[in-house]
Structures are given as structure tokens and as C-alpha cells.
Participant: 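Please see the structure below; I have some questions.
Chain identifiers are assigned alphabetically (A, B, ...) following the order of the sequence lines, protein sequences preceding nucleic acid strands; residue numbering begins at 1 within each chain. Fair warning: this is a prediction, and the values are worked out from it, not measured in the lab.
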Amino acid sequence: MKTISGEVWYISIMPEGPSIKILQEKLDPFKHHKILEAKGYAKGFDPHILKNQTITDIKTWGKHLLICFHDFAIRIHMGLFGSYKINEHGKRNASLHMGFKDDGEVNFYISNVKLIEEPLDEVYDWTADLMNPKFSIKKAEEKLLAKPDRMICDVLLDQDVFAGSGNIVKNEALFRAKIHPENKVGDIPPRKLTQLIKEAITFCDEFYKWRKVGKLDEHLQAYEQEECPRNHIPLHKADLGKTKRHCYFCNKCQILYKSNPSTKKYDKAKSRAKTSSPSQ
DNA sequence: GGGAATGTTCACTA
DNA sequence: CTAGTGAACATTCC
């Protein structure tokens with residue numbers, strides 16, 4: 001029998017979908033084990049309900065870690081500062097600590113914990129999760145085209161469309177698909193949109209493999225990079241879209257299919273000036 | 001010591 | 001009512 005207290009894991013902060021998938025794997029040995037003690041300061045959730053409960057399953061949806069019990073599940077979201085320790089604990093108070101009958105422990109820090117009493121299939125659309133084999137390219141295409149005015153850099157952070165995608169996935173997928181982050185969805189040729197979705201899936205897969213061996217950073221092509229690996233010219237860095245998150249992009253190989261927003265504003269101002277006639 | 005960071009929600013304002 | 005803004009969370013790394 002596999003021991004649940006044999007290995008110690010620690011990871012810090014800011015996980016995207018692939019990192020949550022790795023967490024799920026590390027927690028797998030705790031399946032079918034009973035919680036003896038549960039405590040923590042997580043708001044809107046009483047840890048004591050976990051006492052004497054046995055974990056039935058561990059799932060993920062995007063950046064959500066889902067620990068399942070017989071009648072309910074809990075959702076753990078690590079946010080920007082979240083971290084976890086398995087089979088060890090720090091000095092700080094955990095937002096959720098679980099101690100197991102078989103002498104293992106799991107601790108989440110600065111994580112958001114929420115009780116889910118509805119069946120998970122009613123709460124989660126598994127076809128929207130980039131890390132799930134059920135992810136539907138077709139549905140993602142439909143969701144993209146339903147809102148053609150949105151900036152693509154924003155949509156890549158929309159968890160309803162690309163659950164699990166974060167700022168790294170966003171930047172790398174756009175770079176790989178050679179699409180400029182400021183494009184409006186409707187201006188991008190449909191074939192390129194499909195390619196972008198596929199690049200996001202592929203990159204998540206590679207992210208997962210590289211992160212597992214601690215070699216993600218050396219494989220990044222755009223995120224926090226200085227230079228375009230294709231053209232060897234400096235990458236641009238700007239906070240774009242409604243989300244105003246960091247975008248790293250190459251103006252040469254990442255295509256902007258139509259005029260950029262600043263030009264648009266200028267055009268709008270011009271046409272307004274034209275239509276509002278001076279004879280009033 | 002200060003600023004920034006792979007995220008999200010919520011309260012407030014215009 | 002809605003869109004936009006900023007705070008909150010409170011860590012770790014440089």
C-alpha cells in the first residue's frame with residue numbers, strides 16, 4: 001500500500017491550470033483516506049465539516065482544485081499568493097489544514113476555499129477546461145465568435161472560455177499563433193483563431209511537463225522575455241485590454257489584422273467631427 | 001525596504 | 001444599470 005505521508009511537497013504562488021493538475025497528482029495518494037482534523041481561517045466555510053470525512057476523489061477545473069467527499073466537494077483556489085505544503089507545515093496559519101488518519105497532512109495557504117453542494121457536473125463545464133481531455137475546440141470557437149469585439153488578450157484570460165489559462169498561457173499561445181494581443185476577435189481570420197485554441201492546448205501540455213521537472217522558465221518564448229526568438233529583436237511589453245495584464249509580444253511576427261485601438265479612437269473622433277455639422 | 005507578480009471578487013463611483 | 005476603477009487578499013522574490 002502506498003503511504004500518504006512518504007513524500008513532502010511544497011509549491012509557492014500563482015498557479016495556472018497545469019500547476020493545479022500537478023497538485024491534483026500529488027494529492028492523489030490521499031484518495032480514500034479519512035480526515036481526522038481540519039482547521040483554518042478560510043472565510044465562508046467551516047473546516048469542521050471535513051472531520052471524519054473520507055476523500056472520494058480529487059478533480060480539477062481550470063485553476064480550481066476540487067476535493068470530493070460523499071455528499072459535497074470543496075473548491076480551492078490559490079489566487080495570486082496561494083501556496084501549499086504536503087506532509088509538512090510552515091509556521092503560518094493555513095487557510096485550510098487537513099490532518100489524516102494515516103498520519104499525512106495537507107496545508108493550503110492564502111487560498112480561497114468554497115463549499116460546493118451541487119453535483120459538480122452541474123457547476124462545471126468540463127469542455128471549457130484546457131487541461132481536460134473533454135475540452136471542446138468547437139465550443140471555444142463559438143464562444144469567441146459570440147463576442148467579436150473583445151480583445152483577444154482579454155478572452156485568453158476568460159475562464160468561461162479558456163479555464164486554466166493565465167497570463168503565461170495567454171502570452172505564449174499568442175506568440176505561438178503569431179497573433180498580436182491587441183486584435184479584436186472579429187478581426188482575426190477564423191483559421192487563425194482555431195490555431196490559437198490549439199496552441200493554447202499544446203502549450204498547456206508542455207507547461208505541465210516542463211513545470212513537473214522545474215524547467216518551465218527556460219522554455220518560455222514570450223512571457224517575461226526580452227527578445228523575440230524568431231526575429232531577435234526586442235519584445236514589446238504593455239498592459240493591454242480591459243484586464244490590463246502584462247502582454248509580451250513581437251510587433252514583427254505577431255500580426256495585427258486591423259487598425260489598433262488608438263487609431264480607432266482617432267477614426268471615431270474624425271467621423272464624429274464630420275457628422276456633427278456646424279450648422280446647428 | 002519597496003515594488004511587483006502566473007488571480008479573482010467585490011465595493012464603490014461616474 | 002453598467003462600465004470602469006481600485007481595494008482586498010497578505011506572500012515571495014528581487
Side-chain angles (χ1 to χ4, degrees), chain A residues 9-24 40-45 60-66 74-85 88-97 107-116 123-124 128-131 147 149-151 153-176 181 199-201 203-226 235 237-249 261 265 268:
Chain A
W9 296 99
Y10 173 73
I11 196 165
S12 69
I13 64 172
M14 303 186 266
E16 299 188 19
S19 305
I20 299 299
K21 206 73 195 163
I22 293 168
L23 168 58
Q24 177 193 18
Y41 65 82
K43 284 184 222 151
F45 163 75
T60 66
W61 181 86
K63 298 165 191 164
H64 297 195
L65 176 76
L66 303 162
I74 58 171
R75 184 204 78 179
I76 293 163
H77 197 295
M78 319 269 292
L80 195 55
F81 306 127
S83 63
Y84 61 84
K85 284 175 192 274
E88 65 167 343
H89 54 266
K91 289 169 199 156
R92 280 169 288 117
N93 263 347
S95 43
L96 178 61
H97 159 88
N107 298 285
F108 295 99
Y109 302 95
I110 323 180
S111 300
N112 185 337
V113 185
K114 194 184 161 191
L115 178 68
I116 302 176
V123 181
Y124 290 105
D129 177 12
L130 279 171
M131 297 308 295
K147 292 177 184 172
D149 286 336
R150 295 210 291 175
M151 215 179 263
C153 61
D154 286 334
V155 188
L156 275 160
L157 295 173
D158 183 341
Q159 301 299 298
D160 292 332
V161 185
F162 297 106
S165 171
N167 217 21
I168 298 177
V169 174
K170 174 189 88 177
N171 279 293
E172 296 296 318
L174 285 170
F175 181 81
R176 286 166 172 234
E199 297 287 8
I201 297 169
F203 176 71
C204 278
D205 197 42
E206 294 177 16
F207 185 139
Y208 168 77
K209 287 174 187 154
W210 289 326
R211 172 45 66 81
K212 252 183 141 169
V213 294
K215 291 187 173 174
L216 176 65
D217 291 358
E218 59 200 73
H219 290 282
L220 295 177
Q221 294 182 283
Y223 181 78
E224 284 186 337
Q225 301 306 300
E226 301 285 328
L235 284 178
K237 182 183 171 184
D239 294 345
L240 302 176
K242 284 187 182 177
T243 47
K244 288 183 183 146
R245 302 286 299 279
H246 293 352
C247 292
Y248 301 81
F249 54 96
K265 250 182 225 160
K268 253 189 208 162

Participant: Figure out the CZ/C1' separation between A:Phe162 and B:dT6, and round it to whole Å.
Facilitator: 17 Å

Participant: Please check this pair: side chain of A:Lys209 against backbone of A:Cys204, looking for a donor-acceptor N/O pair closer than 3.5 Å.
Facilitator: no

Participant: Round to a whole Å and report the spacing from CG of A:Asp154 to P of B:dT8.
Facilitator: 13 Å

Participant: Base, sugar-phosphate, or nothing for A:Gln159, non-hydrogen atoms under 4.0 angstrom?
Facilitator: sugar-phosphate

Participant: What base-paired stems does DNA chain B take part in, with at least 3 consecutive Watson-Crick or G-U wobble pairs and both distances under 3.5 Å?
Facilitator: B:2-5 with C:11-14, B:7-14 with C:2-9

Participant: Phosphate oxygens OP1/OP2 of B:dT6: is one of them under 4.0 Å from a side-chain N or O of A:Tyr223?
Facilitator: yes

Participant: Just the table, please: protein N/O against nucleotides 12-14 of chain B N/O, every pair under 3.5 Å.
Facilitator:
none

Participant: Rounded to whole angstrom units, what separation is found between the CD1 atom of A:Ile76 and the C1' atom of B:dT9?
Facilitator: 18 Å

Participant: C:dG4 and B:dT6: how far apart are their C1' atoms, nearest whole angstrom?
Facilitator: 24 Å

Participant: Determine yes or no for a side-chain-to-main-chain donor-acceptor pair under 3.5 angstrom, with A:Asp129 supplying the side chain and A:Gly62 the backbone.
Facilitator: yes

Participant: Please verify the inter-ring angle class for A:Tyr124 with A:Trp61; under 30° counts as parallel, over 60° as perpendicular, anything in between as tilted.
Facilitator: tilted

Participant: Do any N or O atoms from the side chain of A:Thr243 and from the backbone of A:Asp154 form a donor-acceptor pair under 3.5 angstrom?
Facilitator: no

Participant: Can a salt bridge be assigned to the pair A:Arg176 and A:Glu206 using a cut-off of 4.0 Å between side-chain N and carboxylate O?
Facilitator: yes

Participant: When we call it a touch if two heavy atoms are under 4.0 Å apart, what does A:Lys63 touch: a base, just sugar-phosphate, or nothing?
Facilitator: sugar-phosphate

Participant: Sort me out a list of protein N/O and nucleotides 3-10 of chain C N/O pairs below 3.5 Å, or just none if empty.
Facilitator:
residue	atom	partner	partner atom	Å
C:dG4	OP2	A:Lys242	NZ	3.4
C:dT5	OP2	A:Lys244	NZ	2.9

